Amino acid sequence: MSNGKGLTSQSQDFSAWYNEVVQQAELASHSPVRGCMVIRPYGYRIWELMQAALDEMFKATGHQNAYFPLFLPKSALDREAEHVEGFAPETAMVTHAGGAVLEEPLVVRPTSEAIIWPIVRDWIHSYRDLPVLLNQWANVVRWEMRTRPFLRTTEFLWQEGHTAHVSEEEAEAETRRMLGVYRTFMEQWMAMPVITGMQTDTERFAGGLRTYGCEALMKDNKALQAGTSHNLGQNFARAFDVRYQTEEGEHTYVWSTSWGVSTRLVGGLIMTHGDDEGLIIPPRLAPYEVVIVPIWKDDDQRATVMEAGGSVRADLEDAGVRVHVDDREGMNPGSKYYDWERRGVPLRLEIGPRDVKADSVMVVRRFTPEGTDRKTPMPMAGVGSSLRTMLDGIQDELFAAATRRRDAATIRGVEDYGEFQRLIADQGGFFYTGWCGEGECEKKVKEDTKATIRVIPDEEFRSAEVPSLCLCGARSVCEVVRARAY
RNA sequence: CGGGGCGUGGCUCAGUCCGGUAGAGCGCUGCGUUCGGGACGCAGAGGUCCCCGGUUCAAAUCCGGGCGCCCCGACCA
């Protein structure tokens, strides 16, 4: 990879392919500290576009942004027994500061429940103060054993929603509503199909009541948990004494929720759409939806071509398209083609003297499903709206292709354990099976096959007929989706 | 925390076994020729060889100690 030309193929070594794409597309690089990554401008722009879309959706559902501190007193984290137990192994702690040993160590937030609720409790007095609908964009730290760029890093960026409600029903509705927001975002912006549903007890958020999640299937047929939404019940309200006065004058605990998605989504995006040529970014999240590559031989041609490129750019910008003109000198067009293909830009426009003369541009697609032409000439007039339409089409095609791929790797109704073990080892993918409801059984299957229960699917994803038997042979109580996961 | 690998110019690495003037390719800078799918010529810049100690006339290389990172597994968004 020394010259940046080759890329390990996905079939040869998916993990190597992933690392090389991250590096070559200039999404991120390693930092001096183990497990931490530098998000480079091109990668950060993708995250910014994700943030912008999500933030708008949060605001539209009535949430307000706020910011709570990075540090929390260790004693605060300790307040909720299960919560502290769940996060203790992966917390980083500050014991020294200002040249002295601190009286009380500070925990670097692994999540912010323990700092938010002791503060927000003072904002809540009456049922009239509810619901409280907060969100914060922040970094968190979880000391993980094994890290991978975007998918699992020691420090990562995310948003965490935190809400408080008057009733369990309202909290549950909020939990489900935000799961729906995530699903919409993943499908419509990321073009990444997901299965939503409830997590089993082993995957439940430490200290929460119920956890729901969005599960996506990557191109190597491994599952990725792309977002989670937790109904926390009254556990945190009790731990942090968050109460309100009801209409009837009683004092009672609030019902709270939390929900989050992280920079992990960038990893999901890479592994949902990328191919052996590199990254493929859906238009809605592409830093550049269109890159213009001007072609010239001499200064006269350069001037002509750049002028045409400039007006095409203006036309595209007017049509609301993010566009970039690659006017780098001393690099020939072919090199630029490869460069932008590796970076996943949906459309490339080639504009040379011949095109200017013909009043047209050459449009080249990054993503070409069966039956589509890679290159097509297009009249320069009206190029803005033509390409806007084309980009919208590509967005849909990517989602359709990803959904087809996911469905092709989905197997339903397996009851025989031997067959399951064979299939999961040979091809991976999503397996809809029965489950007896026992944690011990879930654990054994994981030990045998590395496959976990990703989710108890919501009704719309369930099979017409739920298998009557669990893999262990016992009667199943529900259908679950199993997979090997990141 | 186990197992493996690695630390040498911005990047990928050779050189280490067998001590003797620090190298290659790519990238970078300048000039010129190129430019419709990964260009070429000429000139040039760029290094505490991870750190500390030891052996030696002499250490990237040998010895001792340390640190760090990556990859593969057990835990996790």
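Atom set for the values below is all heavy atoms of this structure, side chains included, hydrogens, waters and symmetry mates excluded. These numbers come from a predicted model, not from an experiment.
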Could you tell me whether [X] and [Y] have a side-chain N and a carboxylate O separated by less than 4.0 Å?
{"X": "Arg183(A)", "Y": "Asp458(A)", "result": "no"}
{"X": "Glu56(A)", "Y": "Lys59(A)", "result": "no"}
{"X": "Arg374(A)", "Y": "Glu341(A)", "result": "yes"}
{"X": "Arg302(A)", "Y": "Asp299(A)", "result": "no"}
{"X": "Arg210(A)", "Y": "Glu172(A)", "result": "yes"}
{"X": "Arg45(A)", "Y": "Glu48(A)", "result": "yes"}

Quick one: [X] [atom1] to [N] [atom2], roughly how many Å, whole number?
{"X": "Asp300(A)", "N": "U34(B)", "atom1": "CG", "atom2": "P", "value": "14 Å"}
{"X": "Met218(A)", "N": "A77(B)", "atom1": "CE", "atom2": "P", "value": "16 Å"}
{"X": "Arg40(A)", "N": "C11(B)", "atom1": "CZ", "atom2": "C1'", "value": "11 Å"}
{"X": "Trp143(A)", "N": "C1(B)", "atom1": "CH2", "atom2": "P", "value": "13 Å"}
{"X": "Gln24(A)", "N": "U12(B)", "atom1": "CD", "atom2": "P", "value": "11 Å"}
{"X": "Phe185(A)", "N": "A77(B)", "atom1": "CZ", "atom2": "P", "value": "20 Å"}
{"X": "Glu20(A)", "N": "C71(B)", "atom1": "CD", "atom2": "C1'", "value": "13 Å"}
{"X": "Lys297(A)", "N": "C40(B)", "atom1": "NZ", "atom2": "P", "value": "17 Å"}

Report which part of the nucleic acid [X] touches: base, sugar-phosphate, or nothing (heavy-atom distance under 4.0 Å, all strands).
{"X": "Gly86(A)", "answer": "nothing"}
{"X": "Glu341(A)", "answer": "base"}
{"X": "Thr153(A)", "answer": "base"}
{"X": "Leu151(A)", "answer": "base"}
{"X": "Ser15(A)", "answer": "sugar-phosphate"}

_Nearest heavy atom decides the nucleotide; on that basis, is Lys450(A) or Val364(A) closer to the 5' end of RNA chain B?_
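Counting from the 5' end, the first nearest nucleotide belongs to Val364(A).
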*On RNA chain B, check which nucleotide each of Glu144(A) and Asp298(A) is closest to and give me the residue with the more 5' one.*
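Final value for this comparison: Asp298(A).
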*G36(B) base to Asp355(A) side chain: any donor-acceptor pair below 3.5 Å?*
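Indeed there is one.
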*Below 3.5 Å, does any donor atom in the side chain of Glu350(A) face an acceptor in the base of G37(B), or the other way round?*
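Check fails, no donor-acceptor contact within cut-off.
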What's the closest nucleotide to the side chain of [X] if the choices are [options]?
{"X": "Pro353(A)", "options": "G36(B), G37(B), C35(B)", "result": "G36(B)"}
{"X": "Arg146(A)", "options": "G37(B), C35(B), A74(B)", "result": "A74(B)"}
{"X": "Arg348(A)", "options": "A77(B), G37(B), G38(B)", "result": "G37(B)"}
{"X": "Arg142(A)", "options": "A77(B), G37(B), C35(B)", "result": "A77(B)"}
{"X": "Ser335(A)", "options": "C35(B), G73(B), G38(B)", "result": "G38(B)"}
{"X": "Asn19(A)", "options": "C71(B), G36(B), C35(B)", "result": "C71(B)"}

[M] and [N], which share atom name [atom1], separated by this distance in whole Å:
{"N": "G23(B)", "M": "U48(B)", "atom1": "P", "value": "15 Å"}
{"N": "C13(B)", "M": "G37(B)", "atom1": "C1'", "value": "28 Å"}
{"N": "C62(B)", "M": "G19(B)", "atom1": "C1'", "value": "8 Å"}
{"N": "C63(B)", "M": "C75(B)", "atom1": "C1'", "value": "39 Å"}
{"N": "G2(B)", "M": "U8(B)", "atom1": "C1'", "value": "30 Å"}

_It should be established whether Lys446(A) places a side-chain nitrogen or oxygen under 4.0 Å from OP1 or OP2 of nucleotide C75(B)._
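Lys446(A) to C75(B) OP1/OP2: side-chain N or O found under 4.0 Å.
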Scan every strand shown for a Watson-Crick or G-U wobble partner of [N], both distances under 3.5 Å, and answer none if you come up empty.
{"N": "G19(B)", "result": "none"}
{"N": "G73(B)", "result": "C1(B)"}
{"N": "A43(B)", "result": "U29(B)"}

*Give a yes/no verdict on base stacking between G37(B) and Tyr337(A): centres under 5.5 Å, planes within less than 30° of parallel.*
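Not stacked by the 5.5 Å and 30° rule.
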*Quiz item: cation-pi between Arg176(A) and Tyr212(A), 6.0 Å / 45°*: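 Yes, Arg176(A) sits over the ring of Tyr212(A).
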